[in-house]
Asks: 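Before anything else, here's the structure in question.
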Amino acid sequence: MKRVLIPDLVLDAYGARSGVGVTIEDGRIAGIGPTTEGERLPGRALAPGFVNDHSHAFQRRLRGAVEKIEPSRPHDDFWTWRERMYELADGLSPDSIRETSRRCYEEMLSAGYTRVTEFHYVHHRPDGTPYDDPNSLAKAVALAAEDAGIRLLLLPVAYARGGLPRFRDPTVQSFLHRVDDLRGWAEDRPLVGVGVAAHSVRAVPREWLEEIGDYARFGNLPLHIHADEQEREIEECLSEHGVRPIELLAQTSYLGPGTTIVHATHADEHELDLLAEHGATVCACPTTEGNLGDGFLPAVEIRDRGIGLSVGSDSHVRVDPFEELREIETNARRMEGRRNVLVAENEISPTPYLLHAGWGRAGLQAGDHADLIELNLSHPALSGVKADDLRSALVFGAGGGVVAGTRVAGERVHG
Ligand SMILES: [Zn+2]
């Protein structure tokens, strides 16, 4: 089935075009070009859907519940927050994780995310024994994405030590066997892709990093890991391995062009050089990093080295791609003491760089999945904004409320 959508404007990272139609066929964009024939979308702009590149959907249940100091723990930080999160994780069942994840994914669609990368580490029964189907919880998350209609990259996450018993697999082979199984199960599910991850260098030993790195390279799979989020994690890595987390990843086979480092908040110059050399990318999660008191992304150093950047809503303290992008730039401004900091080469505004990070691409292209958002041009946040200024108004002055409709594979899933 073929249809042509004609909004008032079509946005990409570099501009806004009018008189343009977007042709959708079999869930993909078949073409973009001047047209007058098709379904008009008055008062709307069409843009690519945002990619939420780091999510723990179940943590959505902590929203609003952890914004106070427990009298027994007067010093509240990442590590006390983590205990609250563990309590929540300990109580999850296949049904409850599916329900919570579906609600979280629906919120993402309403805010303009069309794809999510789920970093999934709750695998087994609370006592650590596997479910009858050892991938029950991972499949529950995938079914939640299908229920909501969001595109999913599911990352089963390896955990060897620390955390809760239900996070851990006894051997890296048994973990990878589960990943094999999940990949087979997901093969004929059009919205679900499978990659692989290790939780962090504190959660797995060096040999696991080697095995998982090799497995990802051999299968050409996306490979993620949390690194350099907290100073303490770096100190522990230095005392165990004598090197910093990203240095350890570079010594193993973990670092490569398919690798995404989540956070990299405290990455030093050498670690950032290693990311650039290996073609690895960084996923920043500014609203969560701010909420947890992690620190600031070294955004200027990342931009200067040409390291690819994506964003994620991580703990879902907030689900709003516009806010994630805005925080990256405004934090960089605070740190640099000047304006318009993350400006790409040959540009005069940070907007194209930021939108590219949020969309994972510069704009809509023939052949891409028809994962689109409709923006309400008469929303109060956008009223009076000229077409040429619209992209920057979105990044600097709007929120997910301007998203009037969301399509995944051409199907309307919100609005
Ligand atoms: Zn995370």
Side-chain angles (χ1 to χ4, degrees), residues 51-63 66 77-89 92 97 100-101 104-105 107-108 113 115-123 137-138 141 145 152-160 162-164 166-168 195-204 209 212 222-234 236-237 245-246 249 254 259-267 280-297 309-321 323-324 327-328 357:
V51 176
N52 191 342
D53 207 21
H54 189 67
S55 161
H56 311 283
F58 78 88
Q59 293 177 13
R60 170 66 176 76
R61 293 238 296 247
L62 293 175
R63 176 154 330 150
V66 289
D77 61 12
F78 172 89
W79 308 98
T80 42
W81 170 87
R82 194 178 68 162
E83 283 169 28
R84 300 289 303 275
M85 184 271 283
Y86 282 178
E87 279 167 35
L88 171 65
L92 293 169
I97 202 171
T100 303
S101 301
C104 187
Y105 295 153
E107 184 183 1
M108 287 181 198
Y113 288 116
R115 197 185 102 189
V116 58
T117 303
E118 181 69 26
F119 196 95
H120 173 75
Y121 56 81
V122 189
H123 301 302
L137 292 177
V141 168
L152 172 72
L153 173 61
L154 180 58
L155 304 176
V157 174
Y159 227 113
L164 298 178
R166 68 185 320 186
F167 300 169
R168 301 195 290 257
V196 67
H199 182 273
S200 52
V201 299
R202 68 186 138 81
V204 296
L209 294 172
I212 295 165
L223 177 65
H224 288 221
I225 189 166
H226 293 127
D228 288 343
E229 180 177 11
Q230 285 280 323
E231 299 277 13
R232 186 170 124 189
E233 161 205 345
I234 298 169
E236 287 172 2
C237 186
I246 292 170
L249 298 176
Y254 211 91
T259 311
T260 299
I261 302 296
V262 182
H263 301 303
T265 313
H266 300 285
T281 60
V282 168
C283 177
C285 308
T287 59
T288 291
E289 289 153 6
N291 188 267
L292 297 178
D294 287 343
F296 294 102
L297 181 77
L309 184 66
S310 58
V311 295
S313 63
D314 193 358
S315 71
H316 313 302
V317 58
R318 182 86 170 106
V319 172
D320 187 324
E323 193 165 328
E324 301 295 346
E327 286 225 353
I328 291 175

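When a ligand or atom number is given, it counts from 1 through the structure's own listing order.
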Asks: Measure from the Zn ion (ligand 1) to every N/O/S atom of H226 and report the name of the nearest one.
Replies: NE2
Asks: Assess whether a salt bridge exists between E107 and R63, defined as any Lys/Arg side-chain N lying under 4.0 Å from an Asp/Glu carboxylate O.
Replies: yes
Asks: I'd like to know if the Zn ion (ligand 1) has an N/O/S atom from C285 within less than 2.8 Å of it, counting both backbone and side-chain atoms.
Replies: no
Asks: Using the side-chain contact (heavy atoms from CB on, under 4.5 Å) rule, take Q59 and T288 through it: C-alpha gap first, then chi angles, then the decisive distance, then the call.
Replies: CA-CA 11 Å; Q59 293 177 13; T288 291; over 6 Å; no
Asks: Pick from F58, W81, Y121, F167: which one makes a ring-ring contact (aromatic ring centres under 6.0 Å, His included) with Y86?
Replies: F167
Asks: Tell me whether H54 has at least one N, O or S atom under 2.8 Å from the Zn ion (ligand 1).
Replies: yes
Asks: Just checking H224 against H226, ring centres under 6.0 Å apart?
Replies: no
